[in-house]
Amino acid sequence: MNPVVRTLLSRVGGYVGACLLVVFFALPLLWLVLTPFTPNPTYRASLSGVTLDNFRALVDNPQVWPSIRNSLVLAGGSALLVVALAALAAYALSRVRVPGRDQLLYALLLLSSIVTGTAAMVPLFLMLFQLGLIDRQVGVVLVLTGGLLPAAVFMLKDFVDSVPRSYEESARVFGAKPNQVLRHVVLPVIRPGMATVGVWALVQVWGNFLVPYVLLANPSKQPAAVVMYTFYDAGGQPDFALISTFALVYSVPVVLLYLVVNRRYGFAFQGGIKG
Amino acid sequence: MATVELTDLVTQYPNGVRGVDGVDLAIADGEFFALLGPSGCGKTTLLRTLAGLEGATEGRVRIGERDVTALEPGERDVAMVFQDYALFPHMTVSENIAYPLRIQKVARGEREERARESADPLSLGALLERRPAQLSGGQQQRVALARAIACHPQVFLFDEPLSNLDARLRLEARTFLKQLQRRLGVTTVFVTHDQAEALAMSDRMAVMEAGRIRQVGTPREVFQRPASLFVANFIGATPMNLLEGAVRGGRIDLGGVSVPLPAGHSGLGDGERVVWGVRPEYVATAGDGVPADEVVEGEVSAVENLGVTVLVTVAVGGRDGEEGVEVRAVLPEDDEPEVGARLRLHPQTARVLLYRADDDGALVEP
Amino acid sequence: MATVELTDLVTQYPNGVRGVDGVDLAIADGEFFALLGPSGCGKTTLLRTLAGLEGATEGRVRIGERDVTALEPGERDVAMVFQDYALFPHMTVSENIAYPLRIQKVARGEREERARESADPLSLGALLERRPAQLSGGQQQRVALARAIACHPQVFLFDEPLSNLDARLRLEARTFLKQLQRRLGVTTVFVTHDQAEALAMSDRMAVMEAGRIRQVGTPREVFQRPASLFVANFIGATPMNLLEGAVRGGRIDLGGVSVPLPAGHSGLGDGERVVWGVRPEYVATAGDGVPADEVVEGEVSAVENLGVTVLVTVAVGGRDGEEGVEVRAVLPEDDEPEVGARLRLHPQTARVLLYRADDDGALVEP
Amino acid sequence: MGRARALGFVAPALVVIGVFLVFPAVWTLYLGLLDYSLTGAGAQAPTFVGLGNYTEALGDPAFTRSLGLTLVYVGGSAVLGQNVLGFALAWRLRGAGKVVRSGLTVLVLLAWILPGSVVAFLWQALLDRRGGTLNALLGTTDQAWVLDHPMWVIVVFNIWRGTAFSMLLYTAALSSVPRSHLEVARMSGASGWQQLRDVVLPTVRRHVLTNTLLITLWTFNDFSPYLLTGGGPNGASEILPVYVYREAIIGGHLGYGSAISLLLLLANLVIAVFYLRVLRGRTEAT
Amino acid sequence: KEAGDAADPSANADAKDVTLVVSANDVKGGKNAAEAAWIEDEVIPAFVAQQKAKGVTAKVTFNGAGVEDEQYKTKLELNLRTGSGSDVFAADGIWLGELAAAGYVKPLDDVVGDAAKDWDGWDQISEAVQANLSFKDQRYGIPNGTDGRVLYVNKTLFAKAGLPADWQPTSWDEVLDAARALKKLDGVTPLQVNAGVPMGEATTAQGFLPLLAGTGAPLYDEAKGTWQGATPGVTDVLDFYRQVYGEGLGDPRMQQDKAGRDQSFAEFAQNKIGILAEGDYFWRSVICPSEEDCGATSMKNRDEVVGWAKIPAKQPGTGVGGQDFVSVSGGAGWMLSPKTKYPQQAWELMALMSSKEMQEKLSEAQIRVSARADVNAETLENDPLLSFISEQVLPITTYRPSDEAYNEVSLAIQQATADVVSGKSPQEAAATYAKSLTEAVGAEHVAGG
Ligand SMILES: Nc1ncnc2c1ncn2[C@@H]1O[C@H](COP(=O)(O)OP(=O)(O)OP(=O)(O)O)[C@@H](O)[C@H]1O
Ligand SMILES: Nc1ncnc2c1ncn2[C@@H]1O[C@H](COP(=O)(O)OP(=O)(O)OP(=O)(O)O)[C@@H](O)[C@H]1O
Ligand SMILES: [Mg+2]
Ligand SMILES: [Mg+2]
């Protein structure tokens, strides 16, 4: 085949493929973009006029802002805790040879699938009750952190593995104590990894409904994910005006966070467990 | 500044490999000492044991008056420059240089002051606010040096600091590093696998093989009288001519050619197998005045331009189906022969060294 | 085998950088041609454009009789050896060597046959079933070569194939590669930033700077008469002495010292600024018979051992607070001076080259 | 770093994991041995039934069907869908222009970071039988995607939702493939597919393993299809997490639900070991 | 074990500082906002004032929620189990059996004692409605309200199909005939009866049970302690479903869809459904004329367009107790946690909530059928449907069994209807149902076969 034609064809094919992918990924988002501005929102993604009334209704709703704040507290708290604990653990696990380390990590990963499942709700509730952590946000944060930690360590360890040891050794030769090495060198270097894992953890918590709902009694402590489900009118009909607008507002912090992290650190993963 | 003394040092890795396997070494105060050897011989391990990054399995390390064997790296008062420089990517040049001072809790203002002081003589003054990723290889190397200098250590440890530089830069950096060390007068241990680097820069050098030191001496001593075949093979810009043969009738028979026995070796018995060695630089074209029994003659099989000189490989002997031998000579550029031409070479008998033809390959002293 | 011809070649990267910026070059059939230049000058880009890995923005590439400018890399009948060898870690040596044949759908049996054929002369016969990770650097390099040979290309392209070897191996590989190319007679383009490599191995070489070719010629031509300051600076095992000065009264005043004007340059006007250049190898200690006006005298500031020779740096002039200049000389080992000693040097006027003291720094032809 | 200090670094994470993960998980596993329910008489005095719950589950056609659906779901959406699409995206976007790359990346990531409850609405709006965007787009009326092709819907949904992770991981992986290896293949005349097979895949095999392990695990536990299909119609998309939800929360059979959780875990383990075998087998040879 | 502790009715009876927590599945600004507002703005201030008059400082918090009933129930059970959470809570009558069997709740007589026995409000609440929050003849809480089911009809469609505006079928066949007539209209779903799993309890309460009541026997025979298995009655009901959905009179897809109930509401509001079997809240909260209250499903002209009819027995006279017409009611009420620290004050709060005054306030905020007859008498007269229900339906209605197994039985029923809707034969579905039933309650508690 003529090389020019060939290049042209592959170009065109590439663009068509890219367009299809864009459509595939963008189509479901249409509703989120259009509905909040539609006067009488329904399941349909249509724009029958533009209005900001829905936002006004949202502003007037007493649950909205506290719930977003609670979401920030829960998700932010969990993300910070997850990142902090996982970074420490990942560093140690990456640098010290422990027999069976990878198996242990994987076993924990598997166990985490149990506590994130619905069946564990009862043991979790009873345990937190005994610990006096029911209806306290810190309890929710701890439970969520526990569930996310194994995967976070798993992912962060790959980042630490990719940091040359000479950085640490160099600092040690200059007399840095181990925690100084960690603070001055290792943590800053794996910051992109921590940011990425942090966003990941935050997203997981941000959308979590069951755990905060069950473990928090007071509605004023409930996060947005729980409140999202309360926007039904008296007849049990979803109130799309509120839901769509709230969905948009509710998504904004996560998207913003992603944008910030992406700009500052680049959103990236390391990968490749040591087979 | 300080002396460095290693006694019976052994460093064994957890997997059982002995990276350093019984080393005794004394390095003088202010000396520029090179550790040379092929890849995997244990140079880095030795350096790291000195720095305290690896624990010594046996033996002792003394720096100055202190026995530091059991001390942490940070307590040994040494500074190390790693092969990959290990500059912290998230710190500016200035912060990198001042890092050791930060550890020593020097106040920020003074830190910056001293960073500037170390940076200036290395022409880094204008780069202080950049990050390592924005520097060229040569600049990175200088930052690593400045960082090592900034903490005024008693000993510098350099692990192949030049090997990441390109050929030209490497030459310049050599001179520069040497002058710097001279000026600072800090005892320096320098690891390299490049013999030219070791020769050019060091006051004294050690050649290592398999965790052991094979020879210690000034570059001159090591270059002129390599103590073993291994060292002989390793040292020199062009590989040394090393040909196995047997003593026969006061001469040495190299298979196809025979060369005179150097003076002082009459003690060698007839038929004894030795390795005849001479550097290509000490092989010249045979002028008319050269006695015929000191000439080896053959066909030029390769010519390499070395600049002002050429390295000529001559296939000697090998008639009657016998395997011949190759003799290399470095000749002035004007004498460059054609490949295929016949050439008469004259190895300077006074420069010839003999080695035992056994595993150790020790130098046969006259 | 084939000639290679580049006409007005320009290769521009998407970011606007012109890696190759107007190159005309003709390489003869069977020639061993080296591309030399500092990092970033466009050597790799040129080679990759030749290989078809980068598209030419302007100009044409011809290999043999064919215009290959628009062809895919796989259709150009060239083989490339990469700097990192690019051996596939998951394939055995034999599979690696036979990989191009596998793509060409050669039957398995024949593939193994031909892999063996290419491997044997490179002494890889015993290693065919190993994987690259189990090979030393030198062996890996030979496997990469065998892979290039196996597909019987018309042109070999080598991108710094030796730079990952350690110093010793590099020297051996040089000779080996040269001999191999000679035997196969395949046109070869060889990229390096190491001038010694280019000098030693190539039939002809080109020196590049910033995407352009600055000089083409045999190693001898380039070494003896670098066409510009840039080339002069770049070529040579030791950096050339290049000192700026002014013509004054039939001599050249270098600031503090004055040296004779070389023959054939009487056309230069008084006060004209030139760069005086001479290789350290062409500077000797001044014997008694040397006329005083050809001697430069100063204090030794550094001595580097080069093996059989030493590189001596002498600070000349610089009295009365004036900045002096440094003159380097390569002296025989026996003449090694002490640092700090006074030394009289004699640059061979016949070897001195003059360059214009402008940005181009072109050679002033006599 | 010394062992002791390392332990110090790991300890906080271990404590949190021990208290808030291992302990409740073990407790859950213990409940799986009981005839435990949250209400009714079973809550008063649960009896020990040993492996009763397990035998019951394995004998329950609803469970086996659910397990089968889960395998289809995981296989289709994660192992194949996210893996392949994520890889393809990472591969294509490598050479793409900045606009296309960042645009697509943001879209893919949005699907990943938007909260599940929001996403559920988005997909209901997309697939709605009456006025869904998809029907409007295709000109089909009254096409109830969720009812007619429930498994397809949740598989495609999960591909949409989860591809971002694979894409990110493979982007990192692909940057570890030496360019020269690809170029050797190109110089040999290898086609795009041959380059992929001979160079890229062998190099990123470990990343494939990591990725596949993680997304398999996550997809096995993914509850979000419930928000789309509710497990229906008539159980046709009742994957195991939904099954557990129905049994444990709606039906109140906590002991049973816990037992299923363990079975879920075991299935996962078997699959993980299988991956390790397949993907690692050849690495050992080196 | 914890749940088994004996309650002490007199605990803290004369405390001067009282803290109480009320919870319900409603929340201001969301689900059932009116009730949440009522609790926060009416009940609590009134209670605080009432206590203050007695010299007691009361602090009452309301823990609202707005989630699916199963989730509310799960959390409620966890709270009751540990004794954390609320003192007074809202619960659906059908949960009582389970909660009581688990020991999570106790009879009012045990927890509160005489005060509960002597409450004057009981007189206003009919026996049947009281039974909704009673278990084994003991009262566990005070009912808050009740409801009734009818068949809603779209009069416009009826007119188009030539059916009478004051339609009142007397047998299932008449219903089906009307549906068949409606079927001739284009784009109209003639008849929608709740079925299938996604609708949850609505399937049982709005669809299956009213039909079953029309076959003569209740689902659960209290006297014998048996549930109807694959009885002819059950099979008849399932066969009715088959006719509706198998003949295309109803839209089976809507019953399978997760949001199917919402869809049927929306379609009814758009005049696309002829007959819909629903409870009264459909009238007041789904298709009310106010767009503000009922959103997209509001019907401005509801009062002109929408008619209703009582649900007929299978044949006249075949209903439970030989009735011609039947209905099923449910309803939630207030219960208190046996672990409350302040049983007397909690009771006082409950009693206040169920007082005439408060109940009237609630009915004003959101019209509904209260549990109290005196309240209904005053509040319902302006609403034709609700007064119809209160006058004509409640007398013939039946309540769901409050047995602890009810939840599971209901799940089995939902599955059976789902099977029929998706094409299985009624006999097959009934057999599967009977099997699940046997597993859930034991063979000795299953009648018929
Ligand atoms: N961390 C380690 N664990 C086990 N063995 C090691 C370790 N590091 C090095 N070795 C082994 O110890 C020996 C000496 O290694 P070392 O790194 O000191 O060599 P080197 O002389 O620095 O080589 P190079 O020039 O390649 O850097 C080698 O055989 C090497 O394989
Ligand atoms: N992929 C690329 N995209 C943009 N610019 C590039 C790319 N590759 C190289 N360049 C630029 O093109 C110029 C020539 O690069 P090239 O790699 O050809 O240099 P080189 O002579 O091979 O250098 P080195 O000795 O460091 O390998 C440099 O300025 C480089 O920064
Ligand atoms: Mg080393
Ligand atoms: Mg290059």
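Any value given below was found using the heavy atoms of this structure, including those in side chains, with hydrogens, waters and symmetry copies removed. Since the structure is predicted, the reported quantities are computational estimates derived from the model, not experimental observations. Naming: A, B, ... by sequence-line order, numbering from 1 per chain.
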Using non-hydrogen atoms and a 4.5 Å limit, figure out which bit of Asn218(A) sits close to chain E: side chain, backbone, both or neither.
->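 When you check distances to chain E, atoms from both the backbone and side chain of Asn218(A) fall under 4.5 Å.
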Can you list the residues that meet the side-chain contact (heavy atoms from CB on, under 4.5 Å) rule with Leu110(A), with sequence neighbours excluded?
-> Tyr106(A), Leu217(D), Leu265(D), Asn268(D), Leu269(D)
Roughly how far apart are Asp26(E) CG and Thr230(A) OG1, rounded to 0.5 Å?
->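 Reported to 0.5 Å precision, the distance equals 11.0 Å.
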Under a 4.5 Å heavy-atom cut-off, does chain E meet the side chain of Leu242(A), its backbone, both or neither?
-> side chain
Proximity breakdown for Phe62(E) and chain A, heavy-atom pairs closer than 4.5 Å |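 Interface part for Phe62(E): backbone (N, CA, C, O).
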Indicate the atoms forming the closest heavy-atom contact of Tyr213(A) with Ala65(E), along with that distance.
-> CE1-CB, 4.2 Å
Keeping the roles fixed (side chain from Lys75(E), backbone from Leu216(A)), state whether a donor-acceptor pair exists under 3.5 Å.
->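 Judged by distance alone, yes, a pair lies under 3.5 Å.
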Could you pull out all residues at least two apart from Thr118(A) that satisfy side-chain contact (heavy atoms from CB on, under 4.5 Å)?
->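 Here the qualifying residues are Leu210(A), Val244(D), Tyr245(D), Ile249(D).
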Enter the distance from Ser84(E):OG to Leu126(A):CG here, rounded to the nearest 0.5 Å.
->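 So the OG of Ser84(E) and the CG of Leu126(A) are separated by 9.5 Å.
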Heavy-atom nearest pair, Asn63(E) first then Pro219(A), reads OD1-CD, 3.3 Å
Please say whether more than 12 non-hydrogen atoms of neighbouring residues, nucleotides or ligands are located less than 6.0 Å from CZ in Arg302(E).
->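 Check passes, neighbour count above 12.
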Hey, are the side chains of Phe209(A) and Val67(E) touching, using non-hydrogen atoms and a 4.5 Å cut-off?
-> yes
Atom CD1 in Ile134(A), atom CG in Asn79(E): separation rounded to 0.5 Å?
-> 7.5 Å
First locate atom CZ of Phe125(A), then atom CZ of Arg81(E), and finally report the distance between them rounded to the nearest 0.5 Å.
-> 10.5 Å
So do the side chains of Gln63(A) and Val27(E) get within less than 4.5 Å of each other, counting heavy atoms only?
-> yes
Chain A contact via Glu35(E) - side chain, backbone, both or neither, heavy atoms under 4.5 Å = neither
